[in-house]
S.K.: 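Have a look at this one before I ask anything.
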Number of protein chains: 2
Amino acid sequence: MATTIRQVAEAAGVSIATASRALSGSDAVVPATKDRVLRVAAALDYTPSRLARGLVTGTTGNIGLIFPDITNPFYTSFLAEVESLVGAHDLGIVIGDSHEDPDREYALVRQMSTQVDRLVLTSSRLTDEQIVAAAGRLPIVLANRRLGDDMAMPPRLSQMVIDVDAGFTAAVTHLYKLGHRRLTYLDGPARSWSARQKRAVLTRVCGELGLNLTIVGIERPDFTAGLAAGTDLDLDQATAVLAFNDQVALGVLAALRARGIDVPGRISVIGCDDSLPDGLAWPALSTVDSSSRALGALAAAAVLDPESKQNGSVPTRLIVRRSTARAAVDLNPREEKTPEPS
Amino acid sequence: MATTIRQVAEAAGVSIATASRALSGSDAVVPATKDRVLRVAAALDYTPSRLARGLVTGTTGNIGLIFPDITNPFYTSFLAEVESLVGAHDLGIVIGDSHEDPDREYALVRQMSTQVDRLVLTSSRLTDEQIVAAAGRLPIVLANRRLGDDMAMPPRLSQMVIDVDAGFTAAVTHLYKLGHRRLTYLDGPARSWSARQKRAVLTRVCGELGLNLTIVGIERPDFTAGLAAGTDLDLDQATAVLAFNDQVALGVLAALRARGIDVPGRISVIGCDDSLPDGLAWPALSTVDSSSRALGALAAAAVLDPESKQNGSVPTRLIVRRSTARAAVDLNPREEKTPEPS
DNA sequence: CTGGTGAATGAAATCGTTTACATTCACCTT
DNA sequence: AAGGTGAATGTAAACGATTTCATTCACCAG
């Protein structure tokens with residue numbers, strides 16, 4: 001059906017080889033014939049088959065992207081960023097959604113490995129061993145995940161992470177200085193590497209400062225889960241809430257508003273990502289800036305330039321807006337069960 | 001680098017053809033050899049090249065999706081729906097973003113046509129002629145767009161649209177019954193077919209009922225644009241606002257809240273899509289339900305079953321929540337410039 | 001005038017599969 | 001016992017490009 005280079009060659013009265021050379025542009029072919037070939041190709045609306053080209057050159061002109069859940073705005077904005085950077089280079093983009101299932105993720109890796117040049121795994125749920133195996137097939141960019149320190153780092157593997165340390169430390173410190181002593185953290189997906197990172201930082205910093213930390217797990221880090229968590233939130237348990245991401249924080253805000261609980265008067269809320277357009281949250285949400293777009297930019301750079309450095313990290317910092325304020329209650333309620341005489 | 005079927009065949013001591021037959025499973029091959037081939041293939045971690053397979057069979061096992069702007073939640077949820085329906089069939093998904101540029105869109109169509117079996121164009125910005133040309137290359141599913149009635153409908157072209165008529169008619173009627181006589185509509189992208197549809201319905205219905213309609217164009221139908229529009233909104237001009245989509249409506253709500261203007265007491269707001277999770281908007285947003293997920297489901301069905309019917313449409317209806325109420329001001333201010341004696 | 005040089009083009013191999021067709025061989029029928 | 005049948009497997013052509021190597025041919029130097 002579609003026109004092939006053979007038809008172009010015949011119509012132009014040249015051999016297939018010459019047609020190919022004229023179309024690729026680079027090789028030596030006399031201007032007259034080159035023009036003729038190009039004109040004929042245009043007239044026939046010829047488009048080279050990327051399949052055939054890929055088979056012989058060994059490079060497909062595609063890059064692959066795998067997500068645990070494309071529904072999550074974190075990944076869609078990551079995708080948007082990668083697309084805008086990578087799409088400009090005439091590269092095709094193949095995507096896959098593992099639905100949080102490691103087996104499905106590995107199946108996608110195999111399937112894609114035969115039709116993309118490089119593969120970006122976001123928040124991969126694979127084991128370190130599986131990731132190393134994947135890197136044996138084709139160059140891999142790991143986004144939002146790092147191999148364990150004990151793993152030998154294979155060549156053709158890049159790692160791009162968000163360094164939550166600074167941001168989360170600042171968030172806890174900020175709350176501490178405002179007089180908060182009891183903090184509830186709404187945790188992310190159990191299998192997620194980044195959730196583990198955040199939890200670790202929080203636990204450490206809270207320990208150091210002597211804050212009481214309650215970790216509550218949620219199924220999926222989205223608005224609905226935040227709404228539920230905010231509805232169930234025990235106000236005697238904490239004076240501040242830190243959420244895995246802004247979506248969850250937004251849900252908490254909505255729940256508290258529905259319950260008539262003042263933020264930040266009665267309780268402080270901090271999100272993570274800085275993913276919300278200005279004015280969407282009410283009150284404006286204090287957040288740990290850890291943009292997935294920035295991560296996407298890093299991943300895109302790694303994909304485009306295979307020689308670029310293999311490890312990257314995007315820094316985080318605390319952005320204070322209106323959802324945090326001085327704690328309204330006593331500082332150490334556990335040790336002072338009975339109200340102090342004032 | 002990667003293992004080929006030839007290596008599998010050699011290791012199993014059979015010909016390439018037999019290996020191929022054993023792996024495809026269907027053809028006649030004696031169980032003993034079949035087992036041997038499969039075992040060897042597994043041991044070698046063999047994955048068939050989709051490129052080579054596609055070249056000879058003429059079918060790639062991929063479907064393509066092209067969006068005008070993947071940043072827009074309308075398309076990401078469309079994508080999510082298509083993925084979940086199509087991804088289960090071991091089909092690969094190739095995406096492209098035209099960034100609202102028809103030339104880029106057509107370039108994507110050409111590029112993809114050589115590596116996907118079917119192509120879904122969402123809210124295509126191409127001309128009818130270009131779309132027909134595309135359908136000459138490969139089967140096309142048009143989503144959120146319909147060819148002009150004067151165009152001959154080519155085979156291999158399906159059209160899936162959202163029928164906004166019912167929903168928008170109901171929305172205007174609803175406002176009318178509440179006493180509203182002046183309505184501002186925040187319009188979508190100029191090139192968009194669906195924006196044209198919505199505008200046409202609104203103009204007609206407002207004309208019939210005698211409502212005064214002000215149409216204000218916005219650059220991009222997102223929260224930020226809605227915020228700006230809400231900030232600029234002239235309260236003397238309208239007692240109700242209808243937005244192209246929920247994102248814009250959300251922006252309007254935020255702007256009005258910031259201005260201290262009561263919704264729905266002072267002004268009513270209606271969105272479109274029903275895309276917001278319960279509780280996100282405050283007050284809960286009345287909206288015309290026209291889900292992009294439903295559209296995605298329709299498109300996925302069309303892609304999966306080429307024999308399915310070529311035209312589909314998802315119905316719309318009005319969902320009344322808390323952002324609309326009786327108009328607080330006089331009914332026909334234009335004709336009654338001076339206040340009536342009470 | 002002849003042999004060498006280099007530019008333009010063509011012939012053919014190649015990439016990794018599938019598949020139409022050819023071959024082998026055991027077994028059944030007559 | 002011979003010929004026919006059909007199942008299992010092998011051979012080779014194809015898919016549409018790129019690329020290596022060979023060929024042609026004009027032109028220039030000796």
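Both backbone and side-chain heavy atoms feed into the values below; hydrogens, waters and symmetry mates do not. Remember, it's a predicted structure, so these values are computed and weren't measured experimentally.
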S.K.: Who passes side chain to side chain contact (heavy atoms under 4.5 Å, CB included) against A:Q130, sequence neighbours left out?
M.R.: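 A:Q130 satisfies side chain to side chain contact (heavy atoms under 4.5 Å, CB included) with A:Y106, A:L126, A:T127 once adjacent residues are dropped.
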S.K.: Taking only residues two or more places apart in sequence or in another chain, which ones pass side chain to side chain donor-acceptor pair (under 3.5 Å) with A:D45?
M.R.: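 Checked A:D45 against side chain to side chain donor-acceptor pair (under 3.5 Å); matches are B:R110, B:R137.
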S.K.: Check DNA chain C against residues 32-53 of chain A and give the residues with a non-hydrogen atom under 4.0 Å, in numerical order.
M.R.: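 Output list: A:T33.
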S.K.: Sort me out a list of protein N/O and nucleotides 21-28 of chain C N/O pairs below 3.5 Å, or just none if empty.
M.R.:
none

S.K.: Applying salt bridge (charged side-chain N to carboxylate O under 4.0 Å, His left out), can you list everything that pairs with A:D222, at least two apart in sequence or on another chain?
M.R.: A:R220
S.K.: With sequence neighbours excluded, what pairs up with A:R145 under the salt bridge (charged side-chain N to carboxylate O under 4.0 Å, His left out) test?
M.R.: A:D128
S.K.: Could you list the residues that satisfy side chain to side chain contact (heavy atoms under 4.5 Å, CB included) with B:P139, not counting sequence neighbours?
M.R.: B:R118, B:R156
S.K.: Give me the atom names and distance for the closest heavy-atom approach of B:M160 to B:V141.
M.R.: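 Taking B:M160 first and B:V141 second, the nearest heavy atoms are CG-CG1, 4.2 Å.
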S.K.: Just report the end-to-end axis angle for the helix from C:dC1-D:dG30 to C:dT30-D:dA1, five pairs per end, to 10 degrees.
M.R.: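 About 60°, once rounded to a multiple of 10°.
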S.K.: Using side chain to side chain contact (heavy atoms under 4.5 Å, CB included) as the criterion, list what pairs up with B:R21, not counting sequence neighbours.
M.R.: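 Only B:A17, B:T18, B:D27 meet the side chain to side chain contact (heavy atoms under 4.5 Å, CB included) criterion with B:R21.
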S.K.: Looking at residues at least two apart in the chain, or sitting in another chain, which of them share a side chain to side chain contact (heavy atoms under 4.5 Å, CB included) with A:N311?
M.R.: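 Testing A:N311 for side chain to side chain contact (heavy atoms under 4.5 Å, CB included), a comparison that skips the adjacent residues, returns A:R146, A:M153, A:Q159.
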S.K.: When you measure from every atom of DNA chain C, which of residues 111-118 of chain B have a heavy atom less than 4.0 Å away?
M.R.: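 Correct list: empty, so none.
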S.K.: Going by salt bridge (charged side-chain N to carboxylate O under 4.0 Å, His left out), name the residues that satisfy it together with B:E100, two or more places apart in sequence or in a different chain.
M.R.: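 Partners of B:E100 under the salt bridge (charged side-chain N to carboxylate O under 4.0 Å, His left out) test: B:R125.
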